[in-house]
Amino acid sequence: MSAPLAALFTLTPHPTSANTFTTPPTTPLSVPPGASQLWGGLLASHSLLSATSTVPPSHAAYSLHIHFLAPGRTSTPIVYTVTAPRDSRSFSTRAIAAHQDGTLLSTAVASFQRRLPRGLAVVAHAPPMPAGLPPPEDVAPDADGDAHPFDWRRLPIAPAPPHEGVARAWVRSRGPVPDGQHLAALACLSDAWFIATVVRVHPAATGGRGERVGMMTSLDHGVRFCVPDVNVEGWLLVEARCEWAGEERAGVEMKVWRKEDGRLVARAGQEGLVRLRRDGGVGDGKGLGVPGLPGAIL
C-alpha cells in the first residue's frame, strides 16, 4: 500500500533557522516502496510546499522550475531553505535549495500571484480537453497497483512518428489530500513517468519496453499552474509528447485537464538524460520509470 499523501508531504519548520524546513524521520521518501533513489516529484512538491509556507494566503503558486543536481537517498531527511528574491503587491518569487547531508540535491524557483477577484475580465483561452477518450472507469489501472501514491490509468498510444506520438493517461490521488497541498500533489504527479514518454513514443530506438536504454533520469522540470486551485482527488487527464530527442537528451511537454469541466489546469515541461547502452546490447529495462516494467520507480 502506498503511503498516505498527507505523510508524503509532511514538512517541519526548522527550530532555529527561519524559512527552513525539513522532512521528519517519519516522512516516507521511498516512493513507491522499495525505490533505491529519491523520486524527483517529492523534491518538487516539497520545494513548492516550503515556498508556499513563506507567502501570504492571498497568493497562489503559478509556476515551479526545478533543477535536479544530485541523486537523493530515501533514508536521510532533507532540508529545504527558502529565500525571497522578490515581493511585490501582485507577485512573489521564492528560491528553494534542497540539501541532504550537505549535498545540494536541487534548486528551484517558485512564483506566486495574488488571487484575482471573481468576475474580473481577463484575456483567456486554452486548448480543449481531447474528446472521445474512454472514461477512467473503463481503463485498467497500472500493474503496480496501489504501490504508487497516484492511480494511473494509461491509454493506448496510436502508431505515429516519434515526434507526433501522444501518450495519455487518467490519474487521481489514492485517498484524500490535505487542504493547501493539492498544487504540490499536482507538481509531484507531473514528474511521474514524464521523461519515460520518450520510450513510449519511440520504441524502435529504445527497445520495445526500454531494453536498449542504459540510463534515464530527469535533469530539470517545470510546471505552470493555469488555475490557483485544483482537486487532485478527482480525475485528471494527462497528455505528454516528446517532439525532440538527441544529444543523449529528450524534451517532453505535458498538459493536464480536469475531467470535471474539461478545463486546462497545468502545463509542464521536462528535459532528461536518455543514454543507450554503450555495449549496444539489450537489457531488461528495469528501473527506467516506464510504467508496467518490473522495478520501474517513476
Side-chain angles (χ1 to χ4, degrees), residues 41 44-45 47-49 51-52 54-66 84-94 96 108-136 150 153 155 163-173 177-192 194 197 220-244 251-271:
S45 59
S47 295
L48 184 59
L49 284 173
T52 302
T54 69
V55 299
S58 58
H59 287 57
Y62 71 85
S63 73
L64 175 74
H65 297 270
I66 184 168
R86 180 193 188 194
D87 277 309
S88 68
R89 183 174 180 179
S90 298
F91 294 92
S92 294
T93 303
R94 295 293 184 267
I96 312 99
V109 174
S111 299
F112 299 81
Q113 181 182 12
R114 179 183 292 272
R115 295 173 182 269
L116 299 177
R118 288 185 178 273
L120 181 68
V122 299
V123 177
H125 62 262
M129 186 174 75
L133 301 177
F150 298 98
R153 309 284 180 96
L155 301 172
H163 66 281
E164 297 179 0
V166 181
R168 295 189 178 106
W170 296 105
V171 62
R172 66 179 177 182
S173 66
V177 176
D179 291 342
Q181 296 188 356
H182 284 260
L183 287 184
L186 181 54
C188 186
L189 74 84
S190 73
D191 181 64
F194 200 2
T197 302
D220 61 74
H221 181 76
V223 56
R224 297 180 180 273
F225 305 107
C226 304
V227 295
D229 299 292
V230 66
N231 182 4
V232 299
E233 296 173 18
W235 286 111
L236 303 169
L237 178 68
V238 173
E239 178 182 279
R241 302 171 184 261
C242 180
E243 296 185 344
W244 172 87
V252 185
E253 302 293 329
M254 176 186 287
K255 294 183 179 71
V256 184
W257 289 272
R258 186 165 52 202
K259 180 179 182 293
E260 174 187 357
D261 57 6
R263 187 171 182 180
L264 184 72
V265 297
R267 298 167 294 137
Q270 185 172 97
E271 189 151 327

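Taking all atoms of both residues into account, the shortest heavy-atom contact from His182 to Pro178 is CD2-O, 3.7 Å. Lys255 approaches Pro127 most closely through the heavy-atom pair CE-CG, 3.9 Å. In plain terms, the two heavy atoms of Arg115 and Pro57 that are nearest each other are NE-O, 3.7 Å. The two residues Ser45 and Ala184 come nearest to each other via the heavy atoms CB-O, 3.2 Å. Across every non-hydrogen atom of Phe91 and Tyr62, the tightest pair is CD2-CE2, 3.7 Å.
For Gln270 and Asp191, the side-chain atoms include at least one donor-acceptor pair closer than 3.5 Å. No side-chain donor-acceptor contact under 3.5 Å links Thr197 and Arg241. Counted by atom type alone, Ser190 and His221 present one or more donor-acceptor pairs between their side chains at under 3.5 Å.
More than 12 heavy atoms of other residues, nucleotides or ligands lie within 6.0 Å of CD in Glu164, so this atom counts as buried by the packing criterion. Atom CZ of Arg267 has 12 or fewer heavy atoms from other residues, nucleotides or ligands within 6.0 Å.
A distance of 8.5 Å separates CG of Leu64 from CZ of Phe112, quoted to the nearest 0.5 Å. Considering CZ of Arg224 and OG of Ser63, their distance stands at 5.5 Å, rounded to 0.5 Å. Here the straight-line distance linking atom CG of Leu183 with atom CG of Leu48 works out to 6.5 Å at 0.5 Å rounding. Summarising the geometry, atom CD belonging to Glu239 is positioned 10.0 Å from atom CG belonging to Leu264; distances are rounded to the nearest 0.5 Å. The CZ atom of Phe225 sits 10.5 Å away from the OG atom of Ser111 when rounded to the nearest 0.5 Å. For the atom pair CD1 (Ile66) and OG (Ser47), the distance works out to 4.0 Å, reported to the nearest 0.5 Å.
The closest donor-acceptor contact from the side chain of His59 to the backbone of Gln113 lies at 3.5 Å or more, if one exists at all. For the pair Arg114 (side chain) and Arg89 (backbone), a donor-acceptor distance under 3.5 Å is present. Between the Glu253 side chain and the Cys242 main chain, no donor and acceptor come within less than 3.5 Å of each other. Of the possible donor and acceptor atoms, one in the side chain of Trp170 sits under 3.5 Å from a partner among the backbone N and O of Pro134.
Side-chain contact between Leu236 and Leu186 is present, with heavy atoms from C-beta onward closer than 4.5 Å. The shortest distance between side-chain heavy atoms of Arg94 and Val55 falls below 4.5 Å.
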*Given Phe194 and Val223, is the side-chain contact (heavy atoms from CB on, under 4.5 Å) satisfied, shown in steps?*
CA-CA 12 Å; Phe194 200 2; Val223 56; over 6 Å; no

_Arg168 and Leu133: CA distance, side-chain angles, deciding distance, side-chain contact (heavy atoms from CB on, under 4.5 Å) verdict_ = CA-CA 10 Å; Arg168 295 189 178 106; Leu133 301 177; 3.8 Å; yes

_One pair to check against side-chain contact (heavy atoms from CB on, under 4.5 Å): Trp235 and Glu260. What are the steps and the verdict?_
CA-CA 7 Å; Trp235 286 111; Glu260 174 187 357; over 6 Å; no

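Each of Arg263, Arg258, Lys259 was evaluated against Asp261; a single residue qualifies, Arg258, per the salt bridge (charged side-chain N to carboxylate O under 4.0 Å, His left out) test. Just one residue in the list Leu237, Val238, Val265 forms a side-chain contact (heavy atoms from CB on, under 4.5 Å) with Trp257, and that residue is Leu237.
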